There are 2 protein chains.
Amino acid sequence: MATVAMVFGASLFLGWASLGAEADPQTPNIVLLLMDDMGWGDLGVNGEPSRETPNLDRMATEGMLFPNFYTANPLCSPSRAALLTGRLPIRNGFYTTNGHARNAYTPQEIVGGIQDSEFLLPELLKKAGYINKIVGKWHLGHRPQFHPLKHGFDEWFGSPNCHFGPYDNKARPNIPVYRNWEMVGRFYEDFPINLKTGEANLTQIYLKEAMDFIKQQAYKQPFFLYWAVDATHAPVYASKAFLGTSQRGRYGDAVREIDDSIGKILKLLQDLGIQEKTFVFFTSDNGAALISAPSQGGSNAPFLCGKQTTFEGGMREPAIAWWPGHISAGQVSHQLGNVMDLFTTSLSLAGLQPPGDREIDGIDLLPAITQGKLIDRPVFYYRGNEMMAIRVGQYKAHYWTWSNSWEEFNEGIDFCPGQNVSGVTTHNQEKHTELPLLFHLGRDPGEKYPISVSSLEYQNALRRISPIVEEHEKTLIPAAPQLNVCNPAVMI
Amino acid sequence: MATVAMVFGASLFLGWASLGAEADPQTPNIVLLLMDDMGWGDLGVNGEPSRETPNLDRMATEGMLFPNFYTANPLCSPSRAALLTGRLPIRNGFYTTNGHARNAYTPQEIVGGIQDSEFLLPELLKKAGYINKIVGKWHLGHRPQFHPLKHGFDEWFGSPNCHFGPYDNKARPNIPVYRNWEMVGRFYEDFPINLKTGEANLTQIYLKEAMDFIKQQAYKQPFFLYWAVDATHAPVYASKAFLGTSQRGRYGDAVREIDDSIGKILKLLQDLGIQEKTFVFFTSDNGAALISAPSQGGSNAPFLCGKQTTFEGGMREPAIAWWPGHISAGQVSHQLGNVMDLFTTSLSLAGLQPPGDREIDGIDLLPAITQGKLIDRPVFYYRGNEMMAIRVGQYKAHYWTWSNSWEEFNEGIDFCPGQNVSGVTTHNQEKHTELPLLFHLGRDPGEKYPISVSSLEYQNALRRISPIVEEHEKTLIPAAPQLNVCNPAVMI
């Protein structure tokens, strides 16, 4: 949370540009492996009973596991915008004011997207000489001005959105797939997804894109690879070799193929001898989509509810850092982390400072990763335009609770299937701003036992939390909401 | 499940006795580490987010983890009787007919206990020359005829029951603590447990008992150590050095002290150079007691409900086999295992066969442990006198569902806090014997999504399961119930 009021202007960019021209040979490559709707509990190392992620489990054994890592929003677009800007969606515009606490994302219909005024990670890394590639799902807007190559990426293979469909291709075309500026086809047409069998070759294509890019860049200037695969987002898919191989059904097939691919990527780095100069981080964009479970959704293990909610199941993410020679093997860090930290940490790896002219919510995790330090920082749980909860240390205070509306729930849409914590998983939006619902996540990771408001523990915890919330709210300047529907303000 | 109608008589015993006199020097020692109410999800290696079991996690890394391991009953006495006899409680008498599907155990008031007609593991191991010690909780009966030294153990330090109390010591005395035949004191008196602070030194005492026994026996005849500690059973306790050290509260303190002790036991085996001739198995007697959570109860991770129930949370147990030189490091076995298998497996290690004159439910796990084989076998989920459910492969069929009565539930006793699966976690005893509720535990470990009875999958699974249930029920000869209250049949 930078508070330095430094002007982040053209002169600074020039400075970076000249640095970029002669990139420090020690500057590490950066590989961010971002999953789609994969849950905290989907990894063997996090206790998935079928233990079908041997490569991710080994990545953790060789690296550092973060059991307390979060997303910035329980939905994909805002989460990804936060990762790439280091800022909460309320600051970077990836939210809506169409309704209170409504999550929003960027389907074709949304005319909004990532603003030119935001600095994206690849845009900044370029100034330190990085070559940047995104493979997979962008999700920061469909219109030409939002194209990833307009925001710092040098290469793109993937799509602007989820692989929803098939559509009729008249009023609503299928989602396009791009190679750089060129549209090379569409899902369900040129890139088939068989909804019946679950067969699609996309993860293999995304793997090849990653491998080719790594090989191409291995001994040149540093690279940033943002590998944003989507096989675990409904409709889940896997290629033929993986279909039917999981004990967990089709969802598990998708996880197995991704796990296998990550094993191949890490092995390639080792085979090329660049593992010690490549920082790799694995995480997910939001909690498992329990509305699609079990065949199309994953596991949030002991945590409450899932995607779309600000309970732990919606926002706590699997997370592993891997960097042989810099991270000693088999570490577990209890640092509270956030996808927004990947922005600041990546800049730090590149020898850069985050922009000084704006609030940055991500922190530099390198002291935690390489020196085992614990940095005191809060985690904010936003849902749309509302700060629903905050975590400080082991305490989580809910200022609002909501699963989903009775209307949705009665139609069978359930964000917390099989779970029902009285007064917590509410179907009305319940306001607790006067006396927040407080949980101790160490003793009670499942958010089942609110701490009595009359207890000394409650009072002590709130005494610590309240000023942080007040400061946050006082300094918060919401951006113009980009994800409103039918709002002339964004229809330009 | 032996069906050989061999007479298990005196002559056979004589044969073993002579074998015992010259025990094979290759015969391994056996150490069973049995936890009390510890849940599947309490181990870091099974995904507990605070990751406070480094020694158990390392034990798994060096040995073999069993994510599909079960108890024979979701309550302590019947589970322990099953472990030591290799037989379901319905066969060894550790159940009640006082009510349908009522679990029962052995407090002081129960006059029943383990029958002389049952062969206990230590009793049989003696015939192969083993010296046997139990440290901690016996729980197979209070009366003199049930004393562990009457049933094959050579040494005992511990108590016949849980550390409930304190009692008034008039009508109801505090639970005694024994060294062999001698009562050496009582809980809360000579062995203090401070209910307010949670301080008790018992785990340290039990650790010393284990270490001394191992040192004493290290280079003599083979030994069997049954280490049945109870710090994770409410009221949970820890010694001063561990109190307040866990992120999980007092329950976590107890887990940390046990984990530390197990680390010391394994290290001692290595320091003595006997690790390759000592088979060690870690598991728990039943699922975490969610009625005591969070401060006095553990975690069943993604599984449904807890202790007392036949949902996965009540009966799936953490389990690790450790035997350097015989088990290659870092294995995960998906073998369906059961505490009763520890009986048969231990006999196998000792070169013995299980008794041939009775049904034995435990199987020899050595082919799974040392050769990675998968043995096809069912798991039966009993609650008191009723077979509530069965697992065959990944399928679990519930013939009865019940959490607890409305009466108990309305008094605040909840075996499934925060969980509510419609038609599954029922408060009435629901009979499904005509059309069992079917779950696929690979796709749905939380038992939330019953498979449609009209599906082909349901029909195929039931076609496989039904004959196994029929055969089981046909051949079942229930023993006289030992745990009835006020039943003259056991008042003798």
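Letters A, B, ... are given to chains in the order of the sequence lines, protein chains preceding strands, and every chain is numbered from 1. Note: hydrogens, waters and symmetry copies are ignored here, and every other heavy atom, side chains too, is used. Just so it is clear, the model here is predicted, and its values are computed rather than measured.
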Is there a side-chain contact between [X] and [Y] (heavy atoms, below 4.5 Å)?
X	Y	value
F415(A)	I291(A)	yes
P318(B)	F282(B)	yes
I369(A)	F66(A)	yes
V45(B)	L56(B)	no

Salt bridge (charged side-chain N to carboxylate O under 4.0 Å, His left out) pairs touching residues 292-305 of chain A, sequence neighbours excluded, are none
Highest number of heavy-atom pairs under 4.5 Å with chain B among G418(A), P67(A), G252(A), P302(A) belongs to G418(A)
Check [X] against [Y] and note the closest heavy-atom contact, atom names and distance.
X	Y	value
I465(B)	A397(B)	CD1-CB, 4.1 Å
L438(B)	A461(B)	CD2-CB, 3.6 Å
V424(A)	P450(A)	CG2-CG, 4.4 Å

When the 4.5 angstrom heavy-atom criterion is applied to L65(A) and chain B, the contacting part is side chain
Honestly, the part of P49(B) sitting under 4.5 Å from a heavy atom of chain A is both
Of P417(B), G249(B), G446(B), A301(B), the largest count of non-hydrogen pairs under 4.5 angstrom with chain A goes to P417(B)
Enumerate the inter-chain donor-acceptor pairs under 3.5 Å for chain B and chain A, one line per pair.
| unit_1 | atom_1 | unit_2 | atom_2 | d |
| --- | --- | --- | --- | --- |
| V45(B) | O | R51(A) | NH2 | 2.3 |
| N46(B) | OD1 | R51(A) | NH2 | 3.4 |
| S50(B) | O | H334(A) | NE2 | 3.0 |
| R51(B) | NH2 | V45(A) | O | 2.3 |
| R51(B) | NH2 | N46(A) | OD1 | 3.4 |
| Q247(B) | OE1 | Q394(A) | NE2 | 2.4 |
| H334(B) | NE2 | S50(A) | O | 3.1 |
| Q394(B) | NE2 | Q247(A) | OE1 | 2.4 |
| P417(B) | O | K448(A) | NZ | 3.4 |
| G418(B) | O | N420(A) | N | 2.8 |
| N420(B) | N | G418(A) | O | 2.8 |
| K448(B) | NZ | P417(A) | O | 3.4 |

